[in-house]
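The basis for the numbers below is simple: all heavy atoms, side chains too, and nothing from hydrogens, waters or symmetry mates.
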Number of protein chains: 2
Amino acid sequence: MDDKAQSIIDAKAKVLKALGHPTRLFIVEELARGKRCVCELVKLVGADFSTVSKHLTLLKNAGVVQDDKRGQMVFYTLKVPCILRFMDCIEAVIVSGSCK
Amino acid sequence: MDDKAQSIIDAKAKVLKALGHPTRLFIVEELARGKRCVCELVKLVGADFSTVSKHLTLLKNAGVVQDDKRGQMVFYTLKVPCILRFMDCIEAVIVSGSCK
DNA sequence: TATATATTTGGCACTATAGCCAAATAATAG
DNA sequence: CTATTATTTGGCTATAGTGCCAAATATATA
């Protein structure tokens with residue numbers, strides 16, 4: 001495999017890895033319903049502000065979300081909504097049975 | 001969030017996490033082209049036999065691949081091919097620019 | 001300016017993951 | 001049975017990820 005192919009794989013893996021954490025996946029699914037400020041997500045997730053902020057930073061670096069500062073609040077939105085359509089397939093993996 | 005919703009999120013995150021590693025993603029994309037024995041994947045990946053075997057076990061536990069033992073060789077196949085269709089969306093995330 | 005609110009960053013402890021080697025297991029050939 | 005090949009498992013070290021607290025930053029308001 002050449003360098004270019006490798007870096008494409010790496011970039012895709014990075015996106016998938018970003019989605020591969022329960023809290024971050026929850027955030028992404030919540031953002032699919034509309035923009036949310038960090039404070040709202042903190043309440044929904046039930047973790048520390050700093051923890052949620054770091055998850056959001058990671059999602060942003062992966063290109064999954066984008067932020068929009070309004071006054072003292074920061075709103076996050078899903079950057080690539082097609083990610084949500086994929087979830088049907090992931091659910092198919094789950095119900096197919098051999099998840100341990 | 002109730003326990004059931006949480007366990008669904010956890011299961012989906014587990015699948016995404018399994019895909020979120022360059023070597024495992026490479027394996028999945030290779031398996032999309034057809035069944036492969038471990039020895040073939042070892043050559044393609046260029047890692048130790050044990051390393052590849054462990055990645056395959058993880059993918060199997062996540063429900064992404066299945067194995068089929070034929071004699072002394074074990075062939076792996078993609079269990080839920082729809083995963084590959086998702087890659088187009090992941091690529092959209094990549095090209096959208098803010099990947100670091 | 002002082003204060004309050006929203007968010008991020010630094011730092012730390014804890015846990016999890018990756019990958020190698022060596023050993024164990026399984027199947028086949030001789 | 002022995003040797004060989006294919007694969008998995010155990011064990012280890014190194015590295016990365018998670019989540020909390022405390023501190024820093026940014027913005028708004030009195």
What is the distance, rounded to the nearest whole Å, between atom NE2 of A/His21 and atom P of D/dA16?
18 Å
Just so I know, are the side chains of A/Asp68 and A/Val74 near enough to count as touching, which here means a heavy-atom distance under 4.5 Å?
no
Tell me: CG of B/Asp68 to P of D/dA6, nearest whole Å?
17 Å
Does any part of the side chain of B/Leu84, heavy atoms only, come nearer than 4.5 Å to the side chain of B/Leu78, both counted from C-beta?
yes
To the nearest Å, how far apart are A/Asp67 CG and D/dT27 P?
13 Å
Would you indicate, yes or no, if D/dG17 has its OP1 or OP2 atom less than 4.0 angstrom from a side-chain nitrogen or oxygen of A/Lys17?
yes
Measuring only between side-chain heavy atoms, which start at C-beta, is B/Cys37 closer than 4.5 Å to B/Phe75?
yes
So does A/Tyr76 get a side-chain nitrogen or oxygen closer than 4.0 Å to the phosphate oxygens (OP1/OP2) of C/dA6?
no
CG of A/Asn61 versus P of D/dA16: gap in Å, rounded?
16 Å
Main chain of B/Ser53, side chain of B/Thr57: is a donor-acceptor contact present, judged purely on distance under 3.5 Å?
yes
Are B/Arg24 and B/Glu29 close enough that some pair of their side-chain heavy atoms sits under 4.5 Å apart?
no
A/Lys69 vs C/dT8: side-chain N/O to OP1/OP2 distance below 4.0 Å
no
Nearest whole angstrom, please: distance from the C1' of C/dG19 to the CD1 of B/Ile27.
13 Å
Contact check, residues 40-58 of chain A vs DNA chain C, heavy-atom distance under 4.0 Å, returns A/Phe49, A/Ser50, A/Ser53, A/Lys54
With a 3.5 Å cut-off and no angle check, do the side chains of B/Gln6 and B/Asp10 form a donor-acceptor pair?
yes
With a 4.5 Å heavy-atom cut-off, do A/Thr51 and A/His55 have their side chains touching?
yes
How many Å lie between CZ on A/Arg36 and P on C/dA6, as a whole number?
17 Å
Atom CZ of A/Arg70 to atom P of D/dA28: distance rounded to whole Å?
12 Å
With distance as the sole criterion, do the side chain of B/Gln72 and the base of D/dT5 form a donor-acceptor contact below 3.5 Å?
yes
Rounding to a whole Å, what distance do you find between A/Arg24:CZ and D/dT18:C1'?
9 Å
